[in-house]
Amino acid sequence: MSEHESYDPKSIEQKWQERWEADNLYRAKVDWSKPKHYALTMLPYPSGDLHIGHWFAMTPSDARARFKRMQGCNVMFPMGFDAFGLPAENAAVQRNIHPAKWTYANIERMRKQLRSMGAMFDWQREAVSCDPAYYKWTEWFFKVFYQNDLAYRSEALVNWSPTLQTVLANEQVIDGKDERTGQPVVQKLMTQWFFRYTRYIDELLNFDKIDWPEPIRIMQENWIGRSEGARVRFKIADAGVRYAAAISSTALHEGEGTGVSVDREIEVYTTRPDTLWGATFMVLAPEHALVEMLTTPEQAQSVADYKAAVARKTELERISDDKEKTGVFTGGYAVNPVSGARIPVWIADYVLITYGTGAIMAVPSGDQRDFDFARKYGLEIIPVVQPDDQPVLDGATMTEAWDGAGTMVNSGILNGLRCNGEKGRRNPSIAAAIQHIEQMGVGKEAVNYRLRDWLISRQRYWGSPIPIIYTADGTLETVPDERLPVVLPDDVEFIPSGRSPLTYHEPFLNTVDSQGRPAKRETDTMDTFMCSSWYHLRYLSPKYDAAPFDPEEAAYWLPVDTYTGGAEHATMHLLYTRWFNKASRDVGVFDDAMKIAAAHGRNPEEMFDEPMLQLRNQGQILGEERDGDVILATGRYDGEKLFADYVEVIDRTTMEAVRAEKQQAIVGEIVKRTERVLTVDVNGALRTVEVIDGATVVVPTIPGENNVNQLKHHLEIQRMSKSKGNVVNPDELVSMYGADAVRAYLMFGFDWSKGGPWNRKQIQGVVRWLNDVWEMCTTAPPTGTGDAAAEREIERSVQAAIARVSEGLETFSFNTPVAGLMSLRNDLRAAIRDNKLSADAWRSALRDMLLLMAPLTPHIAEELWLRMGFEYSIHLQTFPVYDADKARSEMTQLVIMKNGKPVGHIDVPVDISEADAQAAALASEIAKRFLNGSTPKKVVYVAGRNGMEPKVNIVV
RNA sequence: GGGGCAGUGGUGAAAUGGCAGCCACGAAGGUCUUAAAAACCUUUGCUCGUGAGAGCGUGUGGGUUCGAGUCCCACCUGCCCCACCA
C-alpha cells in the first residue's frame, strides 16, 4: 500500500488565500493594452452572517470572473457593503449599540467569511456605503441632481409606515404592506424629496443596449406601466351658478395634470375613449381637488363622512375590502362631452388619486368595476360594444360588463364601427374616437404611466444625509461642496420615540446659511437604494477624493460587463441604478471619463447609457425538504417490521381516526424512504415498513396505478430562516468539506438560475471528486510506455472537458463544467488503473485538468499545480483552448433511424460523405430488416457536428 | 384579474430541432473486513420477459416537421411578479 498524504482542505485553503492576497494576485489595474472585464456581483447588506445564498450568488460569479481572466481579460471583481439601513437602527434602539458600531462589527465578520470563499475579490477596491468618504459623494450626487432639476421637494400623498416611522417608496410597498416587515402602510400627505424618475421613462423602456433576462425586462416594463388612451375633459354642469361660492372659497390649483382646468372641468384618463358614449356617471378619488366644489349642501355630510372613513383606512384595508365597491354621490353633475348627457359625479375609493387624473368616466357596460358600482347604486348602464353572435345587450338585463371585441352601438358617429378588442390605435373604434374628441376639442390622445417619481427621503438616522439647509426665511440652500459631507453626528441618543435622533440633535440641526445667518438642516436621510445605485462607480476608486470616481479608471472599466444577483431587485435596485446612470450622464458626471476614453479609441457615446451590459440572475437556495406522505400500511409482521401488501396515502387530518380504527396497521408520516423500505413516524416512534413485491399502493392524488416510488418521504420546501431552523451555515460546511467542495457543490448540484432546496447528501459526490483528483495528482507518475490508442482517447476526453467547462462558464451553466471534469476524472482513473498512459501523456492530461479546475476550485488547483512542479500561480496561466483536431476521432457511429426513431447504428469513418452515409445506412442489416426490399419514401441525412453522431433517417 | 417562469428517473440534474436521462446522489448485489465505515466492482427510467429481447416513456390534448423534452396553439398543476391602474 502506497503511503501518501490525503486531501486536507483546511491545511491548504487559508494558506493560499493569504499568499494570493500578499502577492496582490487579484489586484485589478488599468491596463489599456488588455481587454477589460468588469464583473460585478450584488453587494451584501452587513446583516451579521454570510448566508449560503451569498455563496450561491458569489462563488459561481467568481468562477466566471476567474475564467475570463485566464482567457486573457483584465478582470475587476470588487466587493463591498451596502451598509446603511434600518436593521442597524433597530439594533441600536433594541440593544443600545450605535448603528455604526453594529454595522462595522458585522462588516468585519462578513469580510472574514467572504475571504473564506477564496474568491478573486480585489479588496483594495472595497467600498462601504456608510463610510463618510463614500456618502460624501452620495450627497454630492443628490446636490447635482437638485441643481439640474432632477430632484425636487414636494407635498404628495406618500406611503407612511407607522411601524418603521418613515415614508417608503412605492417599490417598497407590496399589497399595502411594507416589503420588509409586512406591516400595513398608510397614505399620508407629506412634503418629501423626489427624483424625476418619470423624466426617463422612454429611455428606461428601451432595452436595446443591454443583454438582460427577458423576465426582468418585462417586470420593468410592467412596473413602468405604459398605457395608451386619451385624456377627456367633462364640463361640470351648472358650474358657474351653483358652485361659485365653493370655488371662491377653495384654494384650487389649476393646470394640467391636477385634474382641474380653468373651465371648471373634470379631466379623466381612459384607455377606452371609444366607450365614451357609455359613460353614464363619473367617479372621483375621495382626495380629488374638485370634490369640495362639486358637493352640494345636501350631500356635504355623507361626503365628509366617507372621506373621513377612507382616510382612516390603511392602504391594505382599501385593497382587501373584498372588492365590494363603496362610494357616495356628491350631488354634482357633469356633462358627457359626446352625448351631452347630464351624468352624476360620485366619489369612491376604488378610484386612486395616484393614477391617471384621479378621476374616471365610468362605463358600466364595459368595465366590471363600474358595472358592479352601477348595479349597487342603481346607476344607468348603456351598452356600447355589441359582442358578435350574442343577443342584443340591454343595460337593464346585462349581468356583467363586456370588454371584448364587437360592434359599436349607442355611440353616435361610432355606430357600426368595429371594436377588435385591442389596445390603443390598433383598434379602429379607439382610433375613430380619438379623432372625434380631438376634433371636438374635448380631449386628446394620451399616454399614461403607472410609474411615479422616486421618493428618496426617509425619516431615519442611519442613511446618507440630504445636503440641504433651510434658511430663516424658508428658502432652500444646498450645502457647498467644500463642506460636504454633511456628517452624521455620532453622539446621538436613540430613544424609542420613533423619531429620527437627527430631529432632536441640536448641534446637527442648527447651522448657518451662505450669509452666515442661523439656519436649520434637513433631517431626512436618503433611501439606501440611492447608495446602491452608484456603488459600482465607487469601486473604481474607493479612496478618490476629487470626484465620486476617478475618470481614468471609469474610462477604462465602465460599463459593468457582467452583473449577477437576485431577480428580486427587478423593479427596485435594477431600475433605480439605470435611472441614476442616465441622470448622471446627462448632468455631465461622465464627461471627463468620456474624453479619456475617446483618447484611447473607445467610443464614449456608447459607454454611459446603461450601467450594466449583461445581467444574469441566480435562483434561491431553499431549506431542506420536509414533511412526507401520511400512510396506512397493512400486511404481515416479522417482529417489529411490517411487510406490507397494502399501502395507502391518507389525509393527514384523518391520521388519528384511522389509527384508532386500524390497530393492526401502521399509520403515520413517511420520514424516510430507501427504495421500498419506509421509515414511518408513528406518534414519534419510528417503524419500518417494507413494501413487498406486488403490493397495492394507493396515492389518491396520482391517478392510475401507483407504485412504491411515488410515495414521498418529504415535501414542503421553504425559504431558509432562523425561526424555521433550516438555515444552512456555510462556515460549518467549509470547515467540514473545504471551500473548494462547497463552491463546486453549489455549482454542480443546482441549476444556478433556478436554485432549489438544499440537499446535504449530494455534496458527497463533489468531495469524492476532489479526493480522486488529489490522489491522481499526488501519486507517482506511471512508468509504462503508454498505449497510443488509449492516449488518443484521453486526449479526446481532455478536449471534451475543455469544451464543456468553457461553454458552461461562458453561459452561466455551472453544472456542466463540474460534470465534464468528473467525466474526465473517470476516464483518467480508468486509464491510469489499466496503466495505459506514459508519464508524458499523464502529466499533460493532469495539467489541463488542473487548469480547467482553477476557476471552480482555486485552492486545490493551485496546491496540486505546484506539487506537480508547475510554476506559481495557476491563476496566472492561460486557459486551455479547445482544439477541434485533437477532439476528433477517426470513427464514429452512424445512427440509423426509421421514421425519426433510432433503430440502431453502424461504425463509419468520421469524415464520411453524405452519399456514402446514405448508401451505408440503406445497405445495413438494420435497414434491410424493416425495408424488406422496398424503396424508402425519403432518406434524410443529418451531418454530425460538434461531437454529435451523424444520422440517416429512413422514411418508409 | 393581468403578466412571467417552470413541470424530464427514487433525488439533484443533462440534452445547438437529431440515440432523452451526461454527471452525481441514493439504492440493490458483490469484493475487502472479526465487524462497521471508507474504498473498489456490477446493476439501476418504467413495464413485460429466466433470457436474447419487446413495448412504453420528458404534466395533458392537439399541431408544425423526415424527426419535438426543445417550436406553435389550448388546457392542467406549481411558483414568482404586479394588481380596484381606469
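Quick note on labels: first sequence line is chain A, next is B, and so on, each numbered from 1.
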Asks: A/D274 has an atom CG; how far is it from atom C1' of B/A86, in whole Å?
Replies: 13 Å

Asks: Quick one: look up who B/G78 pairs with, Watson-Crick or G-U, both distances under 3.5 Å, and put none if it's unpaired.
Replies: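 Paired with B/C5.
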
Asks: Once you apply the 3.5 Å cut-off to both distances, tell me the Watson-Crick or G-U wobble partner of B/A27, or none.
Replies: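 Matched B/A27 with B/U43 under the 3.5 Å cut-off.
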
Asks: When the distance from NZ of A/K423 to P of B/C85 is rounded to whole Å, what number comes out?
Replies: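 Roughly 10 Å, once rounded to whole Å.
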
Asks: Considering non-hydrogen atoms only, spot the tightest contact between A/F234 and A/V268 and give its length.
Replies: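 The pair with the smallest heavy-atom distance is CE1-CG2, 3.8 Å.
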
Asks: Does B/G49 have a Watson-Crick or wobble partner in any strand here, with both distances under 3.5 angstrom, and which is it?
Replies: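 By the stated definition (distances under 3.5 Å), nothing pairs with B/G49.
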
Asks: For A/G944, answer base if it contacts any base atom (sugar-phosphate contacts may also be present), sugar-phosphate if it contacts only those atoms, and nothing otherwise; contact means non-hydrogen atoms under 4.0 Å.
Replies: nothing

Asks: Measuring only the C1' atom in each nucleotide, how far is B/U65 from B/U42? A whole number of Å is fine.
Replies: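 Approximately 42 Å lies between the C1' atom of B/U65 and that of B/U42.
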
Asks: As a test of understanding, state which of A/N826, A/D827, A/L828 forms a side chain to side chain contact (heavy atoms under 4.5 Å, CB included) with A/S797.
Replies: A/D827

Asks: When the distance from CG of A/D834 to C1' of B/C40 is rounded to whole Å, what number comes out?
Replies: 13 Å

Asks: What distance, rounded to whole Å, do you find between the two P atoms, one in B/C71 and one in B/A14?
Replies: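 Straight-line distance between the two P atoms is 15 Å.
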
Asks: How far, in whole Å, is B/U43 from B/G53 if one measures between their P atoms?
Replies: 15 Å

Asks: Rounding to an integer number of Å, can you tell me how far A/I216 CD1 sits from B/C82 C1'?
Replies: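 After rounding, the reported distance stands at 14 Å.
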
Asks: Looking at the angle O4'-C1'-N9-C4 for a purine or O4'-C1'-N1-C2 for a pyrimidine, is B/G67 syn or anti, with syn meaning within 90° of 0?
Replies: anti

Asks: Would you please name every residue forming a side-chain contact (heavy atoms from CB on, under 4.5 Å) with A/E214, sequence neighbours left out?
Replies: A/R217, A/I218

Asks: For residues A/M897 and A/F930, report the shortest heavy-atom separation together with the two atoms involved.
Replies: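 Shortest heavy-atom contact: O-CZ, 4.5 Å.
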
Asks: Would you indicate, yes or no, if B/A86 has its OP1 or OP2 atom less than 4.0 angstrom from a side-chain nitrogen or oxygen of A/R450?
Replies: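 No, no such contact exists.
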
Asks: Under 4.0 Å from OP1 or OP2 of B/G1: is there any side-chain N or O of A/R369 that close?
Replies: no

Asks: Got a donor-acceptor pair under 3.5 Å from the side chain of A/K325 to the base of B/C84?
Replies: yes

Asks: Give me the distance, rounded to whole Å, that separates B/A37 from B/A28 when you measure between the P atoms they each carry.
Replies: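 Going atom to atom, P in each nucleotide, I get 11 Å.
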
Asks: If I pick the C1' atom on B/C48 and the same atom on B/A35, what distance separates them, to the nearest angstrom?
Replies: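 It works out to 41 Å between them.
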
Asks: Would you name the heavy atoms of A/A927 and A/L922 that are closest together and state the gap between them?
Replies: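 It is CB-O, 3.9 Å.
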
Asks: One character per nucleotide, please: for nucleotides 14-19 of chain B, 5' to 3', B when the base has a protein heavy atom closer than 4.0 Å, S when only the sugar-phosphate does, - otherwise.
Replies: S-B-BB

Asks: Could you state the atom-to-atom distance from CG of A/N759 to P of B/G26 in whole Å?
Replies: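 Rounded to whole Å, this separation is 9 Å.
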
Asks: Can you see whether A/N759 engages A/Y745 through a side-chain donor-acceptor pair at a distance of less than 3.5 angstrom?
Replies: no

Asks: Measure from CG on A/L352 to P on B/C82 and round the result to the nearest Å.
Replies: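 Spelled out: CG on A/L352 to P on B/C82 is 16 Å.
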
Asks: To the nearest Å, give me how far apart OH (A/Y737) and P (B/A24) are.
Replies: 18 Å

Asks: When all nucleic acid strands are considered with a 4.0 Å heavy-atom cut-off, which category describes A/W769: base, sugar-phosphate, or nothing?
Replies: nothing

Asks: Below 4.0 angstrom from OP1 or OP2 of B/C85, is there any side-chain N or O of A/R452?
Replies: no

Asks: What residues, two or more places apart in sequence or in another chain, satisfy ring-ring contact (aromatic ring centres under 6.0 Å, His included) together with A/H905?
Replies: none

Asks: With sugar-phosphate meaning primed atoms plus P, OP1 and OP2, does A/R760 contact a base, only sugar-phosphate, or nothing at under 4.0 Å between heavy atoms?
Replies: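 No contact.
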
Asks: Please report the distance, rounded to the nearest Å, between CG in A/L746 and C1' in B/A13.
Replies: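 My rounded result for the distance is 15 Å.
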
Asks: Using the C1' atom as the reference point in each nucleotide, state the distance between B/C82 and B/U11 in Å, no decimals.
Replies: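 These two C1' atoms come out 34 Å apart once rounded.
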
Asks: Can you find a side chain N or O atom of A/Y355 that sits less than 4.0 Å from OP1 or OP2 on B/A86?
Replies: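 Looking at the OP1 and OP2 atoms of B/A86, one of them is under 4.0 Å from a side-chain N or O of A/Y355.
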
Asks: If I pick the P atom on B/U64 and the same atom on B/C72, what distance separates them, to the nearest angstrom?
Replies: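 Nearest-Å result for B/C72 against B/U64 at atom P: 15 Å.
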
Asks: Would you mind classifying the nucleic acid contact of A/R226 as base, sugar-phosphate or nothing, using non-hydrogen atoms under 4.0 angstrom?
Replies: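 No contact at all - A/R226 keeps every heavy atom at 4.0 Å or more from the nucleic acid.
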
Asks: Angle class for the A/F281/A/F373 ring planes (parallel below 30°, perpendicular above 60°, tilted otherwise)?
Replies: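 The rings of A/F281 and A/F373 lie parallel, inter-plane angle below 30°.
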
Asks: Measuring only the P atom in each nucleotide, how far is B/A20 from B/C25? A whole number of Å is fine.
Replies: 25 Å

Asks: Heavy atoms under 4.0 Å, any strand shown: does A/N448 hit a base, just sugar-phosphate, or nothing?
Replies: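 The residue A/N448 makes no contact with any strand.
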
Asks: Using 30° and 60° as the class boundaries, would you call the ring planes of A/F750 and A/W758 parallel, tilted or perpendicular?
Replies: parallel

Asks: Is there a side-chain contact between A/R768 and the phosphate of B/G26, meaning an N or O under 4.0 Å from OP1 or OP2?
Replies: yes

Asks: Taking a pair as Watson-Crick or G-U wobble with both distances under 3.5 Å, which nucleotide is matched to B/U70?
Replies: none

Asks: Might you point out which heavy atoms bring A/P950 and A/Y941 nearest each other, and give the distance in Å?
Replies: CB-OH, 3.9 Å

Asks: Return whichever of A/M822 or A/K938 has its heavy-atom-nearest nucleotide of RNA chain B closer to the 5' end.
Replies: A/M822

Asks: Which nucleotide, B/C82, B/G12, B/G3, lies nearest any side-chain atom of A/N222?
Replies: B/G3

Asks: Return whichever of A/I218 or A/Y269 has its heavy-atom-nearest nucleotide of RNA chain B closer to the 5' end.
Replies: A/I218

